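This is a predicted model, so every value here is computed, not measured. Lettering follows sequence order; numbering is per chain, from 1.
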Number of protein chains: 2
Amino acid sequence: MALSKTVAQNAEVGRTGILDAAALLLGRQGYGAVSLRMIAEAAGIKAGSIYYHFASKDDIITEILDAGIQAVHDEVRDRVAALSADAPARDVFRAVLRGHLCALLEHGAYTSANVRIFGQVPPVVRDANLPVRRAYEAFLDNLLSELKVRDAIRSDVNLPRFRLLLIGALNATLEWFDPQKGSAEDLADDYADTFLNGILSQSGDNT
Amino acid sequence: MALSKTVAQNAEVGRTGILDAAALLLGRQGYGAVSLRMIAEAAGIKAGSIYYHFASKDDIITEILDAGIQAVHDEVRDRVAALSADAPARDVFRAVLRGHLCALLEHGAYTSANVRIFGQVPPVVRDANLPVRRAYEAFLDNLLSELKVRDAIRSDVNLPRFRLLLIGALNATLEWFDPQKGSAEDLADDYADTFLNGILSQSGDNT
DNA sequence: CCCGACACCTAACAAGTGTTAGGTAGGTAA
DNA sequence: TTACCTACCTAACACTTGTTAGGTGTCGGG
């Protein structure tokens, strides 16, 4: 049966083929709407065959969730590392937002899947994803507190809470972002300005 | 069968009893995880009986989604209307955030349900909810553009985009907010300060 | 040539899904 | 009393779900 290679639209097969197909479907349709038979068809195989590579559906989900976080984490880490050690706070903050948004919006079926389905999966799966998630959060907290020590961020800003605000706003872009109406990097820069400077005009009637 | 009134924990019965039970479950477990039999049991009736009040499961969902948006819209509108016409921009903005967050986090099984499941429901149901959703968005856009005309918001702020950023950040609080660690109003004020002033320190090394 | 190992398939399983048809108890009105 | 309406219940329908057991073809190594 080596002739039926180019089934459907997915050239990749095997373990990674299943994961790729599943991530794509989950990111688009959500956890509950995607069945193993859908994943199998998208990957070009039959439902039962999935169990040769994975022990259960939750097994697939777990792996996708972890890979999703890891992808953003890596992207952000690399972009920040590429800056010189004494880069201005503005540039560091921009790099974080650019990395997160690009990983989420441009590449990253896994990242999209994570943001979309994390709130829908059974508790067991969610818990399995927490360590990777916590690692990324800790990374961001460290980065932000460095900026605070440098006196670039106001001292009255509650950092863990701001991190939640930030990630929430960034992940929400997934619901409406349209790559044809502007790049993810431009959006990131715009968001960065808003977070850094606020929306209040300096000259206004502000008490 | 008038004696089996106080079944389970739900005193309300009939149409609104079903809606209340469904909203509570949907807000906690998500769309895919909640079945009609679960809703029925929580409402103290049997699954088939639901079809006396509703034509389908999607019918229930649609009604809950609409009520969820309407609740936030009303709360925000009332709080803003309670201010004097020439109230400072800061206060108007605070009122918006307080209204939205209180409706979402304190009262409002319907609101929580909306935020949680909107991304998971079938397209037909989502489309049915769009008009109410658009009305709230238009209301916010009007409010923000008034503040801009008053020269309280910087002229280079892209308002529709900022509204998306704002709502995204507010709705995301649902995932982590814990009422025992602080009130929704305090959180709203904190968020308002961040959005209005930004996080950048004035004295810093900012180019 | 034979032997496994690999990567898949077929067919079925029990359980759960939304949904429907038809029945029934209790109250109201004539 | 009779008739009717409301608000439920029972029992089943066709279907989908995750999962499993056992079978099949292909391929490289001995």
Side-chain angles (χ1 to χ4, degrees), chain A residues 1-8 10-23 25-26 29-65 117 120-126 128, chain B residues 1-8 10-23 25-26 29-65 117 120-126 128:
Chain A
M1 279 269 173
L3 28 144
S4 67
K5 235 182 209 168
T6 57
V7 202
N10 202 313
E12 292 213 56
V13 279
R15 220 187 121 87
T16 65
I18 296 173
L19 284 174
D20 287 352
L25 286 175
L26 289 168
Q29 331 230 73
Y31 177 77
V34 175
S35 69
L36 284 182
R37 284 169 178 82
M38 287 181 188
I39 296 175
E41 191 182 1
I45 59 175
K46 295 300 162 65
S49 310
I50 291 182
Y51 285 81
Y52 175 76
H53 297 284
F54 300 94
S56 69
K57 184 185 183 185
D58 288 350
D59 227 52
I60 306 180
I61 310 285
T62 299
E63 201 152 326
I64 289 178
L65 286 182
I117 71 176
Q120 324 175 13
V121 300
V124 193
V125 184
R126 199 174 333 202
Chain B
M1 279 270 177
L3 30 142
S4 68
K5 234 184 212 167
T6 56
V7 203
N10 203 312
E12 292 211 57
V13 279
R15 221 188 120 85
T16 65
I18 296 173
L19 284 174
D20 288 352
L25 285 175
L26 289 167
Q29 330 228 76
Y31 177 76
V34 175
S35 69
L36 285 182
R37 284 167 178 86
M38 286 182 188
I39 296 175
E41 190 181 1
I45 60 175
K46 293 301 162 67
S49 309
I50 291 182
Y51 286 82
Y52 176 75
H53 298 285
F54 300 94
S56 69
K57 183 185 183 182
D58 288 350
D59 228 50
I60 306 180
I61 310 285
T62 300
E63 202 153 325
I64 289 178
L65 287 181
I117 72 176
Q120 324 175 14
V121 300
V124 194
V125 184
R126 199 176 332 202

Of the listed C:dT19, D:dT17, D:dT20, the closest approach to the A:S35 side chain comes from D:dT17

Nearest whole angstrom, please: distance from the P of D:dT17 to the NZ of A:K57.
-> 9 Å

Starting from C1' on D:dC15, measure out to CE on A:M38 and report it in whole angstrom.
-> 13 Å

Per-nucleotide protein contact string for nucleotides 8-14 of chain D (B base, S sugar-phosphate only, - none; heavy atom under 4.0 Å) | SBB-B--

Taking only N and O in the side chain of B:Y51, is any of them less than 4.0 Å away from OP1 or OP2 of C:dT20?
-> no

Could you tell me the separation between the CD1 atom of B:I39 and the P atom of C:dG16, rounded to a whole number of Å?
-> 17 Å

Separation of atom CG in A:L36 from atom P in C:dA15, rounded to whole Å | 19 Å

Show your reasoning for whether side-chain contact (heavy atoms from CB on, under 4.5 Å) applies to B:I64 and B:L26.
-> CA-CA 9 Å; B:I64 289 178; B:L26 289 167; 3.9 Å; yes

Nearest 0.5 Å please: distance from the CD1 atom of B:I45 over to the OH atom of B:Y52.
-> 12.0 Å

In whole angstroms, the gap separating P of D:dT19 from CD1 of A:I61 amounts to 10 Å

Working to the nearest 0.5 Å, report the span between CD of A:Q120 and CD of B:Q29.
-> 13.0 Å

Could you give the distance from CD1 (B:I60) to NE2 (B:H53), rounded to the nearest 0.5 Å?
-> 10.0 Å

Side chain proximity check, A:L65 to A:I117, heavy atoms < 4.5 angstrom | yes

Which atoms form the tightest heavy-atom contact between B:G17 and B:A43, and what is the distance?
-> O-CB, 4.0 Å

B:F54 CZ to C:dT20 C1', in whole Å, measures 18 Å

Return the value, rounded to whole Å, for the distance between atom CG of A:D59 and atom P of D:dT20.
-> 11 Å

